[in-house]
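These notes are about the structure you will find just below.
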Amino acid sequence: MSTETPTQGKSLTEIIDVRKEKIKKIRELGFEPYEYNFERSHLTKDILDSYDEIAEKNVVRIAGRLMAIRNMGRANFIDIQDDEGKIQVYIQENKVGKLGFKLFKLLDIGDILGFSGTVTKTRTGQVTIFATEIKMLSKNIRPIPIVKEKDGDVFDAFSDKEQRYRQRYLDMIVNPSVKDVFKKRSKIIQWTRDYLNNSGYLEVETPILQPIYGGANARPFKTFYNALNSNFYLRIALELYLKRLIVGGIDKVYEISKTFRNEGVDRSHNPEFTLLEFYETYVDYNYMMDFVENYFRFLCEKLGKTDFMYNNHNIDFSQPFQRRSMFNLLEEYVGQDLSNSTEEELKKVCKEKGISLKDSDNYGNYLAYLFDEFVEPNLIQPTFVMDFPEAISPFAKPKRGGAKGIVERFELFIAGQEFVNSFSELNDPIDQRVRLENQERLQESGDEEAHQMDEDFVRAVETGMPPTGGVGVGIDRVVMLLTGQNSIRDVLFFPQMRS
RNA sequence: GGGUGCAUAGCUCAGUCGGUAGAGCAACGGCCUUUUAAGCCGUGGGUCGCAGGUUCGAUCCCUGCUGCACUCACCA
């Protein structure tokens with residue numbers, strides 16, 4: 001191979017070759033193309049925000065990624081982007097020296113650079129760093145997409161969703177608003193912890209790898225533990241271990257962590273997602289409704305607003321959340337009072353409404369089908385739906401003074417989607433065992449999502465579980481709602497993609 | 001899993017009623033001392049997603065596959 005720099009950029013591999021040659025040239029000039037550190041005096045945002053103050057001190061040191069070059073011969077303007085912003089740097093040969101200028105000539109968009117310089121304004125009034133020293137901190141050899149912008153219009157945006165998700169780092173570099181969503185996500189999760197910690201809750205970690213899965217109706221991911229020669233599952237919920245901790249004497253406990261369900265991927269589902277569950281002793285689901293409502297108010301307060309556009313709906317958190325029983329809502333939207341209907345009667349209603357049924361379906365399933373089909377899409381503003389059928393709620397206490405077969409459970413619906421699920425937790429061990437045995441039978445009869453019997457969990461309840469209110473919150477959905485994103489993929493750094 | 005659509009240069013996109021392709025940006029060589037989608041002159045860059053089929057000839061038509069988007073079903 002010739003030691004000459006190729007004189008023409010060609011395909012991608014040849015562009016990369018040219019940049020590798022530049023690495024050699026940078027070393028020949030006496031510079032290290034991959035530095036170990038660089039002391040910064042400011043972030044670009046600081047300089048732009050407090051120009052007057054900094055201009056007095058005058059000399060600054062910044063570092064960041066080279067995003068644009070406007071080359072006018074002896075006068076050169078470049079844009080440097082760091083975590084919080086972007087600033088213009090002015091490069092002139094008699095300021096950076098002959099050697100520095102030779103280095104400048106070897107720069108490419110995408111390089112990570114450090115600069116010393118003085119802060120001034122150009123004649124158009126733009127805050128600019130007049131560089132006195134250039135330092136190469138990391139040489140880019142793979143070109144990044146060039147996105148240009150004028151008056152708010154973006155040109156040639158890096159917009160291919162597949163590439164954006166697969167190469168999220170590129171997406172973040174060239175589409176800076178992407179980072180804003182994730183920073184807000186991080187804050188929402190931090191505020192969630194604040195809310196619970198301030199209420200006396202203890203954050204804990206429980207097993208992700210479990211010999212028996214449970215706590216929700218879902219298919220698990222299955223794996224094999226060689227050393228134990230047995231099957232294990234990735235957890236589908238946090239419930240059963242957190243309740244063991246309640247039995248163990250932690251009065252207020254929560255976990256916020258990844259959970260896994262072996263189901264389809266779509267705009268609002270990812271196989272691994274972030275679930276928050278919290279349990280508090282000596283309270284019931286009525287208490288938890290207030291607590292959850294206040295949680296959303298707390299987040300609104302932190303975000304400084306109560307209106308959010310989500311899936312083309314304007315969601316208003318300024319009003320008290322509606323509280324309606326499931327039967328009450330069914331009566332409104334299905335058009336008949338089903339609260340005294342028998343299983344057979346419900347089945348008939350489902351058939352009349354054209355809902356396809358499975359053999360293993362029961363009273364609770366029929367109600368759930370009617371609810372999903374006719375009620376859910378209408379629940380746009382925050383609404384607590386109360387009192388679900390026992391048959392689909394194996395961990396909730398029976399409704400006090402209510403109809404048989406109904407439990408104290410609520411779900412919070414917003415924009416037709418479920419955000420929160422909560423029970424007055426079942427603490428009667430005899431009843432709990434019966435419920436899980438029923439689930440076990442369902443599983444044996446082919447319901448893949450029914451619960452497994454968890455003897456150790458039942459043993460814990462038998463030991464004595466205090467009255468407890470429990471809540472599960474789909475954090476990704478909360479983030480979607482509060483950041484105005486309609487796809488879960490836009491609130492996950494690395495959403496699930498096919499390989 | 002079903003349906004619809006898309007896949008062309010590093011990026012954003014044209015295009016070929018079937019005769020192996022173009023633009024802008026980026027790259028490469030020049031010019032330019034206040035630009036900011038900088039500008040000007042010049043140069044190169046593509047197995048047109050993959051595999052088959054039809055055809056004298058396929059990037060284009062057909063089939064299958066893969067990936068992505070939207071959507072329906074299931075789930076948070």
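Here is the naming used below: chain letters follow the sequence lines, and residue numbers restart at 1 for every chain. Basis for what follows: all heavy atoms, side chains included, without hydrogens, waters or symmetry-related copies.
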- [ ] Whole angstrom is fine here: how far is it from CD in A:Gln163 over to P in B:U8?
- [x] 9 Å

Task: A:Asp156 or A:Phe77, whichever maps to the more 5' nucleotide of RNA chain B - done: A:Asp156

- [ ] Find the distance A:Phe158:CZ to B:G24:C1' and express it as a whole number of Å.
- [x] 18 Å

TODO: Determine the contact category for A:Gln92: base if any of its heavy atoms lies under 4.0 Å from a base atom, sugar-phosphate if only primed atoms, P, OP1 or OP2 are that close, otherwise nothing.
DONE: base

TODO: Can you measure from CG (A:Asp79) to CZ (A:Arg65) and round to the nearest 0.5 angstrom?
DONE: 14.0 Å

- [ ] Would you classify A:Gln88 as touching base, sugar-phosphate or nothing, given that sugar-phosphate means primed atoms plus P, OP1 and OP2, and contacts are heavy atoms under 4.0 Å?
- [x] base

Open item on the list: Rounded to the nearest 0.5 Å, what separates atom CG in A:Asp171 from atom OG in A:Ser159?
Closed with: 10.0 Å

Task: Ionic contact status for A:Glu28 with A:Lys24, cut-off 4.0 Å - done: no

Task: Candidates B:A37, B:U34, B:A27 - which lies nearest the side chain of A:Lys150 - done: B:A37

Task: P atoms of B:G49 and B:C72, separation to the nearest Å - done: 29 Å

TODO: Both distances under 3.5 Å, Watson-Crick or G-U wobble: report the partner of B:U59, or none.
DONE: none

- [ ] Could you check whether A:Thr259 gets within reach of a base, just the sugar-phosphate, or nothing at all, counting any heavy atom under 4.0 Å?
- [x] nothing

- [ ] Between A:Tyr90 and A:Leu107, name the one whose nearest nucleotide on RNA chain B is closer to the 5' end.
- [x] A:Leu107

Open item on the list: Can you measure A:Arg489 atom CZ to B:C68 atom P for me and round it to whole angstrom units?
Closed with: 7 Å

Open item on the list: Rounding to an integer number of Å, can you tell me how far A:Lys22 NZ sits from B:A26 P?
Closed with: 13 Å

